[in-house]
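Indexing begins at 1, ligand by ligand and atom by atom, following the structure's order. Keep in mind that the numbers below use all heavy atoms, side chains included, and drop hydrogens, waters and symmetry copies.
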Amino acid sequence: MPKFYLTTAIDYSNGDPHLGHALEKVGADAIARYRRLRGDQVHFLMGMDEHSQAVIQAAEQSGFTPQAWVDRMAQRFEEFWRRLECSHDAWIRTTEPRHRESVTELLRRIERLHPDDLYVGEYEGLYCIGCEEFKQPAQITGGRCIEHPTLDLVPTRERNHFFRLSRYRDPILERIRSGEFRVEPAIRRNEILRLLEDGLQDISVSRHRLAWGIPFPGDSEQTVYVWFDALINYLSATGFPAPGYQQLWPADLHVVGKGITRFHCVIWPAMLLAAGLDLPRQVWAHGYVQWEGTKMSKTAGTAVTLGDAIDRHGPDALRYFLLREVGFEADGNFSWERFDERYTADLADGLGNLISRSLAMLAKYRNGVVPGGGEPTTLDQAGTAAVEAYARAMDVLDLRAGAEAAWELVATANLYIQQTAPWKLAKEAREQELDTALAALGRALYRLAVLAGPFVPGKAEVLWQSLGLPGRAEAAEWSSLVAPPVEGVATTRPEVLFPKPASV
Ligand SMILES: [Zn+2]
């Protein structure tokens, strides 16, 4: 079984998760679930970035110690991810001792292998607390950070440790161009290539006398810069530097937002090269969830709570909407109106109605048992085509096209019911034709229970159970989709899977 080590960005602990965080987590989760279906040994990591300056502020404002604050936030975030059915099998927090050990060891390795990659210097610049980053002129508009137009930049001047990032321009360029280190989608790769072609400046990797953070090895007055610290989480979660870490490292895929590609596609690979470690195989940078055209983040001053969005139509519906409508590549818009429309059309009238009608007819005409169905039908052809289109899309992380392929099969199956009109076949006692139609619907439902799983995992399992199949949909053999083994299974009728809201 090939291993697939997948990570999401770790989140700042300065406020509740919002829809932007949720998009990234459910997108990565859909990828993890798909890779498991394809037989990979998936290791899926999520976690918290707990050393930011914003944490100190948030803790102070709320009367907590930083540690008590981050403990509370870590719990809150993970509760949300559990509610959204994230299937991560590892969770890391940068305040954990194992992380501190990894950070210290990585810096020591750089010192040992490339002693002049780390040096002391004076830094002067404008610091954005929202980004936890010194901003370059191109990243500033109207005197403020492009990402955080409501926050003041802080003029800062101090003695820091520097990392010789400039030395790594060519090796990184080479690895991106050769495809050894994949940056996707292409629009993000091109941005990074341009940035590299323009040349790199060395970066400060410590802050002076910051009480909340990891002490810089060998310098008690300095704290490891939060981004340098945070990126190492992907490595510390593998157990680095303990020998077994190479069973997971290098990571197969880092899923991040488009705003932090410079850290993941330039600084992180440079750090790894300096420490003599392998680069991750791929970074995927998704777009932002927009709310009335503005990036959705707490510091940008917009808010629709994640709790409200989950409560609207349930966690599966939110996952589906984010991945199908907002998308996992470019920026996409979220609105209640559009969410309600999609919910009604695709889930209540689409998948939900198909399941309910098919299982009702099986109950009525065949006591719930899926008959032997003879020759493949047009619905089976559509099923095979959907599986192929789905795999092609999911293999290249085009989650929207993956969902489209599965829901096209939903539409075809609903149409098949109209065209074959099993109730008419029953009335006219055309038993063989009725068997053929009901068996084809059974196979379509089987395929959908598997294909829909990465998007609507909870409902997909209910469908699987209703089909009377053994085990779980998420553990189905991918090869079974060629000829779904449903003949003779005893189906039952579930409660309505996607109830229509009383008034929307
Ligand atoms: Zn910023």
Side-chain angles (χ1 to χ4, degrees), residues 8-24 48-61 66 70 73 77 94 123-158 160 163 165 187-188 191-192 194-195 198 200-208 210 212-213 223-231 233 254-268 283 285-303 331:
T8 63
I10 50 174
D11 298 309
Y12 285 152
S13 320
N14 62 329
D16 276 341
H18 52 68
L19 283 172
H21 296 108
L23 171 70
E24 175 171 300
M48 300 298 292
D49 180 1
E50 303 187 318
H51 284 137
S52 68
Q53 218 162 302
V55 162
I56 306 178
Q57 287 183 350
E60 269 171 9
Q61 278 163 16
V70 295
M73 292 310 292
F77 270 71
T94 56
Y123 201 94
E124 188 167 5
L126 292 171
Y127 195 81
C128 172
I129 291 180
C131 294
E132 295 287 1
E133 183 188 11
F134 284 104
K135 305 309 282 193
Q136 305 299 317
Q139 299 169 298
I140 297 170
T141 173
R144 286 180 163 163
C145 167
I146 291 170
E147 302 270 332
H148 298 98
T150 61
L151 291 178
D152 284 326
L153 290 165
V154 186
T156 307
R157 185 180 177 192
E158 58 185 38
N160 288 159
F163 172 56
L165 183 64
I187 181 174
R188 305 298 158 220
E191 281 170 7
I192 290 296
R194 273 198 301 277
L195 193 147
D198 287 348
L200 297 176
Q201 287 179 343
D202 295 348
I203 54 165
S204 149
V205 293
S206 72
R207 302 298 313 280
H208 186 67
L210 201 62
W212 184 240
T223 306
V224 178
Y225 171 49
V226 64
W227 263 106
F228 202 86
D229 155 356
L231 287 163
N233 89 84
H254 291 318
V255 171
V256 302
K258 68 174 189 179
I260 55 176
T261 49
R262 182 173 151 265
F263 293 102
H264 285 84
C265 307
V266 177
I267 298 177
W268 177 226
V283 173
H286 61 82
Y288 291 150
V289 183
Q290 307 215 314
W291 179 261
E292 284 155 16
T294 316
K295 178 187 169 191
M296 186 139 356
S297 75
K298 190 168 177 265
T299 37
T302 54
D331 293 350

Q. Under a 4.0 Å N-O cut-off, is there an ion pair linking Arg188 with Glu191?
A. yes
Q: Kindly assign one of parallel, tilted or perpendicular to the pair Tyr127 and Phe134, based on the angle between their ring planes and the thresholds 30° and 60°.
A: perpendicular
Q. Under 2.8 Å from the Zn ion (ligand 1), which protein atoms of type N, O or S occur, listed by chain and number?
A. Cys128 SG, Cys131 SG, Cys145 SG, His148 ND1
Q | Side-chain heavy-atom pair Asp152, Arg144 within 4.5 angstrom cut-off | A | yes
**Q.** Residue pair Ile129 / Gln57, side-chain heavy-atom distance below 4.5 Å
**A.** yes
**Q.** Other residues, nucleotides, ligands: >12 heavy atoms within 6.0 Å of Ile187 CD1
**A.** no
Q. Do Ser206 and Val224 come close enough that some side-chain heavy atom pair is under 4.5 Å?
A. no
